[in-house]
**Student:** 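The structure that follows is given in the form of structure tokens.
What you see is a predicted model; the values in this text were computed from it and never measured. The figures that follow rest on heavy atoms only: side chains count, while hydrogens, waters and symmetry mates do not.
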Amino acid sequence: MELPVVSSLEFEEVRDSIKNFIKNKSDFKDYDFEGSNLSMLIDILSYNTLYTTYNVNMASNELNLDTAVLRDNIVSISKRLGYTPSSYTSSKVKINLNVSGVGSYDVVKFKKGSALSASTNTRNYTFIITDDIDISVKGRSTVSFENIEVVEGTEFVISYTVDETNEHQRFFIPNNFVDAETVRVSVISDPTNTREIEYTRKDTIVDVSNSDTVFFVEEVQDQKYEIVFGDDVLGRKVRDGEVVKIRYVITNGSEANDISGLNFKFIGRVVGLNIEGGGGPTTIGYNSIDWSLASDTPKSDGGSEFESSRSIKYRAPRFYASQERAVTLADYESIVTQIYPNTDLVKVIAGETLSPPQFGKVLIVIKPNIGEAVSASEKLRIQKELVKYKVGSIDVKLLDAKGITFVITPKVIFDTSKTRNREIQLRSLINDYIADFVKKIGFNSFGGAFSNLALTCGIKGLDSAITFVGNNVYLKQNVQLTPGVSTNYVTEFFTKLKSDVDGEYYALSEFFCHKGVASPVFLAAKTKELIDDCSTDTNIYLVTEGGDVLKIVGTINLETGTLTYTVQGCDGSAQDINILVVPDVLDVVVGPDVVP
């Protein structure tokens, strides 16, 4: 006997299957299934079966990491692999303070709370310190606070009283956009004396005894977080009546990255205290405070958003495979993305594969989601965090990703009679398509490739009224000039360059300050029109803003796209310049350590 098919997700298939099953019963052989009331009952059974099948199918999908769609389920599965998805993280910057006229105080204190305000892109941000910082004066008239890290956001505190009669009590952080790295927990065992015992955050149960005052942070429903304490086997269990205080920072994430010194204003509070003489703290005026950003953090950095579901699916199994130890290159990649949530791309290079080999070294190249490069302070933090994972005496070095920018100007011709879209709408469609194009993994990756044909066909396919697409493509690379030192630079574009172009130069840099030259200068390579015998000139010249050639400083290899030149930047701070060239072939594959 044919059994009804209950696994189908098509209503007609389910209905026909149930109807055929009933027809095989001798009691229903002569029934008209289309015109009788039995038809309505079959429809009800079919709909019920269809809904049940759909729910079972969706629920089954949510049990597996590869097929789950809801973030809460993806996070729950990743927990079983020992992976904690990245939260919002605060942008950070370090500051130095010099406080003068403090000889009459015993102690100078930098009070916790607001330290800097910043304004950029019509938005205001506040950077805070989370603890008071004290410095003993000891007869000095000036004291210095150095490398004080401030984080963007606002600190909140929430308290719970432990109630053992409530077996379902949980300690939630009720806000979104929480930087989980800033969560701190203290417990008041005796409410009568308000003495707080600071608990230590742990990410694993390694070396955790039954009396250790530790806590764990876990993401729960709706991208919120829960504080989990021990059970007197793994960590101390909180007792009835104890007060749990949770401090945390709510942040704007990556929005506050890349804010430079000129956009900051000091709003912190510094006070002087006389320990022996008693009395309250005295606020020190801003006219006695000289502040600056630390040299290793010229811009704010480190802010990021919640880790995406796609990223969790990719990283969780690889983090599990690394088993919290850095042995293989894949282990390093997985652990770095966990330590530095602002990672967009990461590549790990074994030192022995270099020429010449550098045995015992691991080179890690990181491209951040926000910003051009990882700040010096963040690199130092990543290296310190890697110490507990790496094996033996491996020397880890962090490098900035080299980047080649593709400057694309599409020229589009379309027939207005064949489309309802106006020019502004087509322009928006093209811009959106290009934005999606550069995010594709074939392009946005180390050693990525650019295909002009694919871009042209994609733009042309946006609207049938588009009759012609032509793309002007330029390559641009940033170079940082060392101040005051004559340095040899090598800039690689990894493709054949075009020397026969319109204009005076086929390679050109931005203006910069060269030591010994009064006016701004730029680097340039002349086109054939400027050469007497119309040959290709592969020299790189140093040219003044008036167009006067000062000297030859290097050469260009047109076949490989390699520029070699020697210049000496002015004393002072480092200068960033962009060098622009035209590719001869519009399908470009960049170098293995370069991100387009």
**Student:** Which class fits the ring pair Phe110 and Phe266: parallel under 30°, tilted 30 to 60°, perpendicular over 60°?
**Tutor:**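 Judged by the thresholds at 30° and 60°, the geometry between Phe110 and Phe266 is tilted.
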**Student:** Do Leu523 and Val567 come close enough that some side-chain heavy atom pair is under 4.5 Å?
**Tutor:**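 Answer yes - side chains close enough.
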**Student:** Looking at Val582, Ile556, Asp584, which one forms a side chain to side chain contact (heavy atoms under 4.5 Å, CB included) with Leu497?
**Tutor:**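 By the side chain to side chain contact (heavy atoms under 4.5 Å, CB included) criterion, Leu497 pairs with just one of Val582, Ile556, Asp584: Ile556.
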**Student:** Indicate whether any N or O donor in one side chain lies under 3.5 Å from an N or O acceptor in the other, for Gln338 and Tyr389.
**Tutor:**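 Absent: no donor and acceptor within the cut-off.
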**Student:** Would you check if the side chain of Asp231 reaches a backbone N or O of Leu234 as a donor-acceptor pair within less than 3.5 Å?
**Tutor:**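 Yes, because the side chain of Asp231 sits within donor-acceptor range (under 3.5 Å) of the backbone of Leu234.
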**Student:** Looking at Arg123 and Ser119, would you say the former's side chain and the latter's main chain have a donor-acceptor pair under 3.5 Å?
**Tutor:**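 The answer is no, because no donor-acceptor pair under 3.5 Å joins these two groups.
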**Student:** Say whether, by atom type as modelled, one donor and one acceptor occur between the side chain of Thr142 and the main chain of Ser100 under 3.5 angstrom.
**Tutor:**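 No; judged by distance alone, with no hydrogens or angles, the pair does not exist.
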**Student:** From Ile540 CD1 over to Lys551 NZ, what is the distance, rounded to the nearest 0.5 angstrom?
**Tutor:**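 Reported to 0.5 Å precision, the distance equals 13.0 Å.
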**Student:** Any salt bridge linking Asp395 with Lys390? Criterion: basic side-chain nitrogen under 4.0 Å from a carboxylate oxygen.
**Tutor:**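 Salt bridge flag = no for Lys390 with Asp395.
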**Student:** Would you indicate whether Ile205, at its atom CD1, is surrounded by more than 12 heavy atoms from other residues, nucleotides or ligands within a distance under 6.0 Å?
**Tutor:**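 No, because the 6.0 Å sphere around CD1 of Ile205 holds 12 heavy atoms or fewer from other groups.
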**Student:** Tyr199 ring centre to Arg201 NZ or CZ under 6.0 Å, with the angle to the axis within 45°?
**Tutor:**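 Because its charged atom misses either the 6.0 Å distance or the 45° angle limit, Arg201 does not stack over Tyr199.
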**Student:** What do the steps show when you test Asp344 against Lys367 for salt bridge (Lys or Arg N to Asp or Glu O under 4.0 Å), and what is the final call?
**Tutor:** CA-CA 6 Å; Asp344 181 19; Lys367 176 182 178 292; 2.9 Å; yes
**Student:** Going by heavy atoms in the side chains, are Ile579 and Leu508 under 4.5 Å from each other?
**Tutor:**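 Of all side-chain heavy-atom pairs linking Leu508 with Ile579, none is under 4.5 Å.
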**Student:** Determine yes or no for a side-chain-to-main-chain donor-acceptor pair under 3.5 angstrom, with Glu146 supplying the side chain and Leu97 the backbone.
**Tutor:**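 No: the side chain of Glu146 does not pair with the backbone of Leu97.
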**Student:** Answer yes or no: is there a side-chain heavy-atom contact under 4.5 Å between Val183 and Val178?
**Tutor:**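 Touching, per the 4.5 Å side-chain cut-off.
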**Student:** Please name the residue in the list Ile250, Asp179, Ile128, Asn252 that meets the side chain to side chain contact (heavy atoms under 4.5 Å, CB included) test with Ser90.
**Tutor:**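 Testing Ser90 for a side chain to side chain contact (heavy atoms under 4.5 Å, CB included) against Ile250, Asp179, Ile128, Asn252 leaves exactly one candidate, Asp179.
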**Student:** Working note: Lys92 + Asp301, criterion salt bridge (Lys or Arg N to Asp or Glu O under 4.0 Å); need CA distance, chi angles, decisive distance, verdict.
**Tutor:** CA-CA 5 Å; Lys92 305 173 185 67; Asp301 184 31; over 6 Å; no
**Student:** Indicate yes or no: at least one non-hydrogen side-chain atom of Tyr340 is less than 4.5 angstrom from one of Val374.
**Tutor:**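 When only atoms from C-beta onward are counted, Val374 and Tyr340 do touch, with a gap below 4.5 Å.
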**Student:** Would Tyr565 and Thr491 count as having a side-chain donor-acceptor pair, cut-off 3.5 Å?
**Tutor:**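 Short answer, yes.
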**Student:** Between atom OH of Tyr248 and atom CD1 of Ile246, what is the distance when rounded to the nearest 0.5 Å?
**Tutor:**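 Nearest 0.5 Å value for the OH-CD1 distance: 8.0 Å.
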**Student:** With side chains defined as the heavy atoms from C-beta onward, is the minimum distance between Tyr332 and Ile364 less than 4.5 Å?
**Tutor:**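 Side-chain contact under 4.5 Å: yes.
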**Student:** Rounded to the nearest 0.5 Å, what separation is found between the OG atom of Ser211 and the CZ atom of Arg236?
**Tutor:**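 The distance works out to 9.5 Å.
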**Student:** Report the C-alpha separation of Arg325 and Asp331 in whole Å, then their side-chain angles, then the decisive distance to 0.1 Å, and conclude whether the salt bridge (Lys or Arg N to Asp or Glu O under 4.0 Å) test is met.
**Tutor:** CA-CA 7 Å; Arg325 82 283 184 266; Asp331 294 343; 2.6 Å; yes
**Student:** For a side-chain hydrogen bond (donor to acceptor under 3.5 Å, both in side chains) with Ser304, tell me which candidate from Thr89, Asn257, Asn342, Thr251 qualifies.
**Tutor:**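 Only match with Ser304 under side-chain hydrogen bond (donor to acceptor under 3.5 Å, both in side chains): Thr89.
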**Student:** In Å, rounded to the nearest 0.5 Å, how long is the span from CG of Leu481 to NZ of Lys515?
**Tutor:**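 Separation between the atoms: 14.0 Å.
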**Student:** Kindly say whether Asn73 contributes a backbone atom to a donor-acceptor pair with the side chain of Ser76 at under 3.5 angstrom?
**Tutor:**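 No, the answer is negative, given that no donor and acceptor are paired below the 3.5 Å cut-off.
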**Student:** Kindly indicate whether the side chain of Phe171, heavy atoms from C-beta on, has any atom under 4.5 Å from the side chain of Val228.
**Tutor:**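 A side-chain contact under 4.5 Å is absent here.
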**Student:** Quick check: does any side chain N or O of Ser87 sit under 3.5 Å from a backbone N or O of Glu181, one acting as donor and the other as acceptor?
**Tutor:**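 Flag not set: sc Ser87 to bb Glu181 has no pair under 3.5 Å.
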**Student:** Is the shortest heavy-atom distance from the side chain of Tyr225 to the side chain of Asn175 under 4.5 Å?
**Tutor:**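 A side-chain contact under 4.5 Å is absent here.
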**Student:** So, the side chain of Ser311 versus the backbone of Ser308: is there a donor-acceptor pair under 3.5 Å, distance only?
**Tutor:**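 Side chain of Ser311 to backbone of Ser308, a donor-acceptor pair under 3.5 Å: no, none is there.
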**Student:** With a 4.5 Å heavy-atom cut-off, do Leu116 and Tyr125 have their side chains touching?
**Tutor:**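 No, their side chains stay 4.5 Å or more apart.
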**Student:** Between Arg247 and Glu198, does at least one N-O distance fall below 4.0 Å, as a salt bridge requires?
**Tutor:**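 Between Glu198 and Arg247 there is no salt bridge, as every charged N stays at least 4.0 Å from the carboxylate O atoms.
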**Student:** Verify, without hydrogens or angle tests, whether Ser300 (side chain) and Ile259 (backbone) share a donor-acceptor contact under 3.5 angstrom.
**Tutor:**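 Checking the backbone N and O of Ile259 against the side chain of Ser300, a donor-acceptor pair under 3.5 Å is found.
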**Student:** What class does the angle between the rings of Phe306 and Phe177 fall in, given that below 30° is parallel, 30 to 60° is tilted and above 60° is perpendicular?
**Tutor:**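 It falls in the tilted class, 30° to 60°.
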**Student:** Is it true that a side-chain atom of Ser91 and a backbone atom of Ser254 form a donor plus acceptor pair closer than 3.5 Å?
**Tutor:**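 No.
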**Student:** Taking atom types as modelled, find out whether Glu510 and Asn578 have a side-chain donor-acceptor pair closer than 3.5 angstrom.
**Tutor:**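 Yes, a side-chain donor-acceptor pair sits under 3.5 Å.
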**Student:** Stepwise, does the salt bridge (Lys or Arg N to Asp or Glu O under 4.0 Å) test hold for Arg315 with Glu333?
**Tutor:** CA-CA 9 Å; Arg315 294 178 180 177; Glu333 289 183 5; over 6 Å; no
**Student:** Identify whether the distance between the nearest side-chain nitrogen and carboxylate oxygen of Lys224 and Glu218 falls below 4.0 Å.
**Tutor:**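 Looking at Lys224 and Glu218, the cut-off is not met.
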**Student:** Does Glu152 use its side chain to pair, donor to acceptor, with the backbone of Phe127 at less than 3.5 Å?
**Tutor:**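 Absent.
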**Student:** Measuring from atom CG of Leu399 to atom CD1 of Ile349, what distance do you get when rounded to the nearest 0.5 angstrom?
**Tutor:**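 Answer for the CG-CD1 pair, Leu399 versus Ile349, is 7.0 Å.
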**Student:** Nearest 0.5 Å, please: how far is NZ in Lys313 from CD1 in Ile74?
**Tutor:**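 Interatomic distance, Ile74 CD1 to Lys313 NZ, rounded to 0.5 Å: 4.5 Å.
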